[in-house]
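Scope of the values below: all heavy atoms of this structure, side chains included, with no hydrogens, waters or symmetry mates.
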Amino acid sequence: MSLAERLSTLEDYEWSRDPSPAAQDRRRKLSFNPVPARWVPPKDEPPPVAAFEVSSTKRIFQVIAAVIYCLFAAGIVFGFAAIKPVLIREEVYRDFCTKKELEDDVPVCYDQELRLNFMFTVAAVSTNVAALPIGTILDRYGPRICGLMGGVFVAIGCALFATAWDLKQKGIDGYIPGYFFLALGGPFIFISSFQLSNTFPRYSGLILALLTGAFDTSSAIFLFYRLIYSATNGTFYPKKFFLAYLVVPVFILVVQTFLMPSNSYKTLGELVVEAEETENEDSAAIVMSDDEDEAHFEARRSADRDRRQSVLEDIQELIGSTNAVKQAKKEETSRHRSGVWGAMHGKTATQQILSPWFVLITLFTVIQMTRINYFVATVRSQYAELLGSYDAAIKVNDFFDVALPLGGVVAIPFIGIILDNTSTTFVLSMLVATATAIGCLGLIPHMWAAYANVCLFVVYRPFYYTCVSDYAAKVFGFHTFGKVYGLIICLAGLFNFSQSALDALTHKVFNRDPKPVNIMLLLIALVVGSALSIFVWKKSKTLNRDLLDQEAEDAEERLMPNASPDIQTRDYGTL
């Protein structure tokens, strides 16, 4: 999802007039599909739509609608820290408490805490694992079907959560399934919106920034609900909220059906290729028929010329006369500066997955995603023990609820600047240093350290996710992106189930003290992150030479035109 912050048109910008397979591969559009095309049964689909074929007014409304429903539905489950106090006050899972815990009137008992945290764990895992099927569905059926599925999932989640209090009387748990479907709908809605960046290619970066900002801000929905819940003294309880919230999936379903495109818009690269083909069309190829006079033939040639000119003008208006060239040069400069661009390009997915490039970034992603989601789920309970005051923990939690959505929005422009103007080694080192600082601040039992930790965390979170996708695109390339990046996120998501074990360690082994677990996570992250940074730094020093050697080994020997095959030496007879 955070890849949108880095790839302004979701494609590789290397275009070439060379019709060779290699050149065609360089123009390949980024796909989230982890399944090879040959595994998917053939299906006749309408080609992508050029943006100039749709009125600008309709495209504007499509972007506005996407920003609205991403704001209200794309990432609301990550506002768990805000809605968790409401669920506690409503005594959700309170029946899991022991008799002694109830007599002592503890704010949150052990089993209740584990059950609530498991709700978020399931949501976090489903959000990441969903990237695998979403890529296939999006590539095969288009953004409308993907968006409709997202709307349906969100509606199911709302219905389950609204009726969870009634289902509880029948012995059915509706909370975890409800939160699961709310989480599942988010990536379907968000990822299917990426292609709208191509509605106005010259402003694709702005559009994706709006969509990404809406995703990050959506975690504040539960914050606003908690404020309303507190203001009404609990009379606007969760059942009422989720019934009212059903208006959001209804809006999504209506908009997807009547406004959104059924097929993706053409990317900037596809528009450039179309412009090249149109420009190279030879009007003389029109043949005069036997029963056609010269005047009618000239009229047909003129009409065809006008049609081509109209198409070229429409494309130029969309992308600007020099926009594509400038973007291509910018991307080329950024790639060269990264130091790792193309490290594993041309390799099979299996070769890439078995390489240290993949293993190290996967280990780093697994541990960092676990740390991030574990902190989101336990921020209040951690600081209640660390600060020795439940009231102080509430203040930290309230600050975190506001800072989390704002952090992503504020960080977006700075993330782009850092990734475009620094090497990948520097970026990874910055990630490791920031993660270490967050871990150290999380061990200091003072309010100033708590606030500093939250501020650093909310900026680090989007920075980290974006860096992983940026690394995958630069190192592994677009041809295998769906498989490699999808597998990284999927494995990291599945490992999030370990949060239950971390909760058990904290409560049972360490008597609610969060420091031992946090120290353990900090040290593992530091070791793995340092290993990744050192590996990338060493490889970046020799990468260009290695790529040239590999290219020389893989070069195909071909005789020059008119060269005799009997020539003994081929020093000058090969290309």
Extract all donor-acceptor atom pairs below 3.5 Å that involve side chains of residues 367-376 and protein atoms in other chains or at least two apart in sequence.
residue: Gln368; atom: OE1; partner: Tyr460; partner atom: OH; Å: 3.3
residue: Thr370; atom: OG1; partner: Val366; partner atom: O; Å: 2.7
residue: Arg371; atom: NH2; partner: Ala435; partner atom: O; Å: 3.3
residue: Asn373; atom: ND2; partner: Met369; partner atom: O; Å: 3.4
residue: Asn373; atom: ND2; partner: Asn496; partner atom: OD1; Å: 2.7
residue: Tyr374; atom: OH; partner: Thr506; partner atom: OG1; Å: 3.0

Can you give me every donor-acceptor pair (side chain of residues 63-70, partner residue at least two apart or in another chain, under 3.5 Å) with its distance?
residue: Tyr69; atom: OH; partner: Ser193; partner atom: OG; Å: 3.4
residue: Tyr69; atom: OH; partner: Gln256; partner atom: NE2; Å: 3.1

Please output the side-chain donor-acceptor pairs of residues 439-456 that fall under 3.5 Å, not counting sequence neighbours, one pair per line with the distance.
residue: Asn453; atom: ND2; partner: Tyr383; partner atom: OH; Å: 2.9

Would you give me the side-chain donor-acceptor pairs under 3.5 Å for residues 508-525, sequence neighbours excluded?
residue: Asp513; atom: OD1; partner: Lys515; partner atom: N; Å: 3.1
residue: Asn518; atom: ND2; partner: Gln382; partner atom: OE1; Å: 2.9
residue: Asn518; atom: ND2; partner: Pro514; partner atom: O; Å: 3.3

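Scored by the side-chain hydrogen bond (donor to acceptor under 3.5 Å, both in side chains) test, Gln62 finds Tyr265 as partners (sequence neighbours excluded). Here Ser429 pairs with Thr425, Ser533 under the side chain to side chain contact (heavy atoms under 4.5 Å, CB included) rule; sequence neighbours left out. Here Phe180 pairs with Val122, Ser126, Leu184 under the side chain to side chain contact (heavy atoms under 4.5 Å, CB included) rule; sequence neighbours left out. With sequence neighbours left out, Val402 forms a side chain to side chain contact (heavy atoms under 4.5 Å, CB included) with Leu223, Leu406. With sequence neighbours excluded, the residues satisfying side-chain hydrogen bond (donor to acceptor under 3.5 Å, both in side chains) with Thr348 are Gln351. Residues meeting the salt bridge (Lys or Arg N to Asp or Glu O under 4.0 Å) test with Arg226, sequence neighbours left out: Asp398, Asp401.
We find that Lys474 and Asp470 are joined by a salt bridge, their nearest charged nitrogen and carboxylate oxygen being less than 4.0 Å apart. With respect to the salt-bridge test (charged N to carboxylate O, under 4.0 angstrom), the residues Glu113 and Lys84 qualify.
Residue pairs meeting the ring pair (Phe, Tyr, Trp, His ring centres under 6.0 Å) criterion with at least one member in residues 117-138, sequence neighbours excluded, are Phe80-Phe120. Evaluation of the ring pair (Phe, Tyr, Trp, His ring centres under 6.0 Å) test over residues 514-533, restricted to residues two or more places apart or in two chains, returns none.
Using a 4.5 Å heavy-atom cutoff, the side chains of Asp391 and Lys395 are not in contact.
Using bins of under 30°, 30° to 60° and over 60° for the plane-to-plane angle, the ring pair Trp357/Phe535 lands in the perpendicular bin.
Note that CZ of Phe215 is 9.0 Å distant from CD1 of Ile191, once rounded to the nearest 0.5 Å. Taking SG of Cys467 as the reference point, atom CG of Leu431 lies at 4.0 Å (rounded to 0.5 Å). Note: Leu419 CG to Thr424 OG1 = 8.0 Å, rounded to the nearest 0.5 Å.
Between Val475 and the options Val484, Val536, Ile361, Val340, a side chain to side chain contact (heavy atoms under 4.5 Å, CB included) holds for only Val340.
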